[in-house]
Amino acid sequence: MLAAISNGGQGRKKFIFSDLAEVASRVARPDGKPGRQLKIIKKKFPNPPFPHTLAHNPSELARPRPATLLLSTSTVPHSLLQIQTAMLASSASKPFLSTASLRLLSLTRRRSLTCFANRLVAHPPDLLRWVRREGGSVHPNLTISDDSDLGLGVFSTGEISAGSELIDLPSHLPLRWNRPAGPTSDKDDSVLAQMAEQIPEELWAMRLGLRLLQERAKDDSFWWPYVSNLPETFTVPIFFSGEDIKNLQYAPLLHQVNLRCRFLFNFEKQVKTLLNDISQMDHPFGGQDVNSASLGWAMSAVSSRAFRLHGKALPNGRHEEVPMLLPLIDMCNHSFTPNASIVQERDASSPNMSVKVVVDKEIEQNTPVTLNYGCLSNDLFLLDYGFVVPSNPYDQVELRYDGTLLDAASMAAGVSSPNCSSPTKWQQDILSKLNLLGDKALLKVTLGGPELIDGRLLAALRVLISSDKELAQKHSLDTLMVLGDGDPPLGASVEAAALRTVIALCVISLEHFPTKIMQDESVIKADVSPATQLAVQFRMQKKLMLVDLTRKLSQRVKMLSKEKSTA
């Protein structure tokens, strides 16, 4: 049985959640399609190293205050401005792992503390040779190389034709949570299982991360050739300095960093409690200390590199999802137009399972092998993978649906007598169906992405601006939620007013960023740290997306005006 692993349907691109349960559901990456469609969850290697210390002290963290406009920096906890001071103040009572001490986490196998291309050890084993030696196959025209733009990745040393198999991993090479029973998988695995019970099922990355830490701590790990090639540090925001977290200027992402750090600090306490009375022989990490920074390293390694493969078939026709780390395959970099894809043969429960990378289109010499990690926003690329995609067609800005805000935007757009904050009964009925009104309403809406405007927001504006009850009720919600190229469902005048209101929302959103695009460009060109560059690039891409959205919607308004004048 062959199963192509793709990025699935919706990915995780549309949501920035407001509590830990919702954050967990985002990390889980539920598939958008049934059957054999899976998500590729992978990132490129980071280039320059960052200080590997968690950004937050849990005692300093406060839940952000509610704000009508979710991207407002007023929701950022003040403690984010004092992170480094808090870290230094707490270091006397709670040690944090530095970049160097993180390498010591695994060091029953001690090696030089210098690193090569940001990998864990200076001279790691040859990963390609290890894969071949253990029964896998690697195309002779492949190598691991360091690129100034992409970082470490898989590159071609010669032309490779479409349809060729680049990598083939047999079932025993992927690193997964469950492993075959053996003399070393009794007591220590039992302790590991107790730790895993403290992790919500949705936070699968931390669960598999525990197994990764266990293998990193062993001096005889089968996966050492793979583990030693992993990045020494990750460029995800939980390891940014406080100033660079502030530089993101985007409250939804700041809130996620807050929540992840809080989880890691709390989980550290649970882990230490479970390990208090464990002997050295039964210790899952060889007696070595594990803290929030090392747990963060493991969670980041998994969330940025793991693949969710097909497990056994379920009665509903779907398959269980089995997260795995795929040596060498997870070094392929990202592209929205990839030149290769992943194919799984047989499900993960089969001893004959294999995972392959197959060429989709001819690869020229000295070209990176790329996979599509998914149709994700830059929030998710930075949060989980540690990079930002320029001109990302799936990037979005998140707002909170609020009638008062919409009234202000409508008035700014020249809409006469808006009643967004005081809808009539029939308008309320439609808003309830859109789940924008009521006790359990979902008020997060987005601007940008392939749809340009969140469908629920568009439908709400059309209905609120229209005074034609019969015409509005005549159309289905699906029709009202689509920004198409055909005739507007409620007429050209209503459509133009709705689009002008969205343009005003874009302007309001831009004004909530403390800096302008030109200022961001100047910072990026200056001699600043890689973390600062990432943070500034992230916020600049949000602004550029809003500017581009304004341009596209303005063109639509002009076309509507022409159609109205010729009617």
Presence of salt bridge, Lys516 and Asp520, under 4.0 angstrom: no

Basic-acidic side-chain contact under 4.0 Å: Asp384, Arg260: yes

Check: Arg556 side chain, Leu499 main-chain N or O, donor-acceptor pair, under 3.5 Å: no

Tyr401 six-ring face occupied by Lys444 cation (under 6.0 Å, within 45°): no

Test log, rule side chain to side chain contact (heavy atoms under 4.5 Å, CB included), inputs Ser335 and Asn372: CA-CA 5 Å; Ser335 173; Asn372 188 346; over 6 Å; no

Passing candidate, side-chain contact (heavy atoms from CB on, under 4.5 Å) with Cys420, options Ile465, Asp407, Leu405: Asp407

Stepwise side-chain hydrogen bond (donor to acceptor under 3.5 Å, both in side chains) test for Thr404 and Ser421: CA-CA 5 Å; Thr404 303; Ser421 58; 4.9 Å; no

Non-hydrogen side-chain atoms of Leu175 and Glu215 separated by less than 4.5 Å: yes

Separation between CG of Leu203 and CZ of Phe263, rounded to the nearest 0.5 Å: 5.0 Å

pair Met481-Leu434: side-chain heavy atoms closer than 4.5 Å: yes

Of His512, Lys543, Met545, the residue whose pairing with Val397 passes side-chain contact (heavy atoms from CB on, under 4.5 Å): Met545

Residue from Val257, Leu264, Asn258, Leu259 passing side-chain contact (heavy atoms from CB on, under 4.5 Å) with Cys261: Val257

Pairing of Glu521 and Lys525 as salt bridge, 4.0 angstrom limit: no

Taking every non-hydrogen atom, the tightest pair across Pro323 and Trp204: CB-CE3, 3.6 Å

Flag, side chain of Trp297 to backbone of Pro231, donor-acceptor distance under 3.5 Å: yes

Between CE on residue Met324 and CD1 on residue Ile329, distance to nearest 0.5 Å: 11.0 Å

Side-chain (Gln541) to main-chain (Asn392) donor-acceptor, under 3.5 angstrom: no

Aromatic ring pairing Tyr250/Phe513, orientation class (parallel under 30°, perpendicular over 60°, tilted between): parallel

Rounded distance [0.5 Å steps], CG in Leu447 versus SG in Cys506: 5.0 Å

Expected output: side-chain Arg211 to main-chain Trp177 donor-acceptor under 3.5 Å: yes

Evaluation steps, side-chain hydrogen bond (donor to acceptor under 3.5 Å, both in side chains), between Ser529 and Thr532: CA-CA 5 Å; Ser529 71; Thr532 300; 2.9 Å; yes

Short side-chain to backbone donor-acceptor contact, Asn266 and Arg262, under 3.5 Å: yes

Identified side-chain contact (heavy atoms from CB on, under 4.5 Å) partner of Val389 from the options Asn378, Asp395, Leu382: Asn378

Separation of Leu295 CG from Gln270 CD (nearest 0.5 Å): 10.5 Å

Smallest separation among heavy atoms of Tyr373 and Cys332, with atom names: OH-O, 2.9 Å

Enclosure of Asn276 CG (heavy-atom neighbours >12, cutoff 6.0 Å): yes

Sidechain-backbone polar pair: Ser294 side chain, Val290 backbone, donor-acceptor under 3.5 Å: no

Sidechain-backbone polar pair: Arg456 side chain, Leu442 backbone, donor-acceptor under 3.5 Å: yes

Side-chain (Ser304) to main-chain (Ala301) donor-acceptor, under 3.5 angstrom: yes

CD on Gln533 to CG on Asp244, rounded to 0.5 Å: 10.5 Å

Leu458 vs Val502 side-chain heavy atoms within contact, under 4.5 Å: no

Interatomic distance, Gln249 atom CD to Lys542 atom NZ [nearest 0.5 angstrom]: 13.0 Å

Parallel, tilted or perpendicular: ring planes of His334 versus Phe336, cut at 30 and 60 degrees: perpendicular

His319 (side chain) donor-acceptor with Gly311 (main chain) under 3.5 angstrom: yes

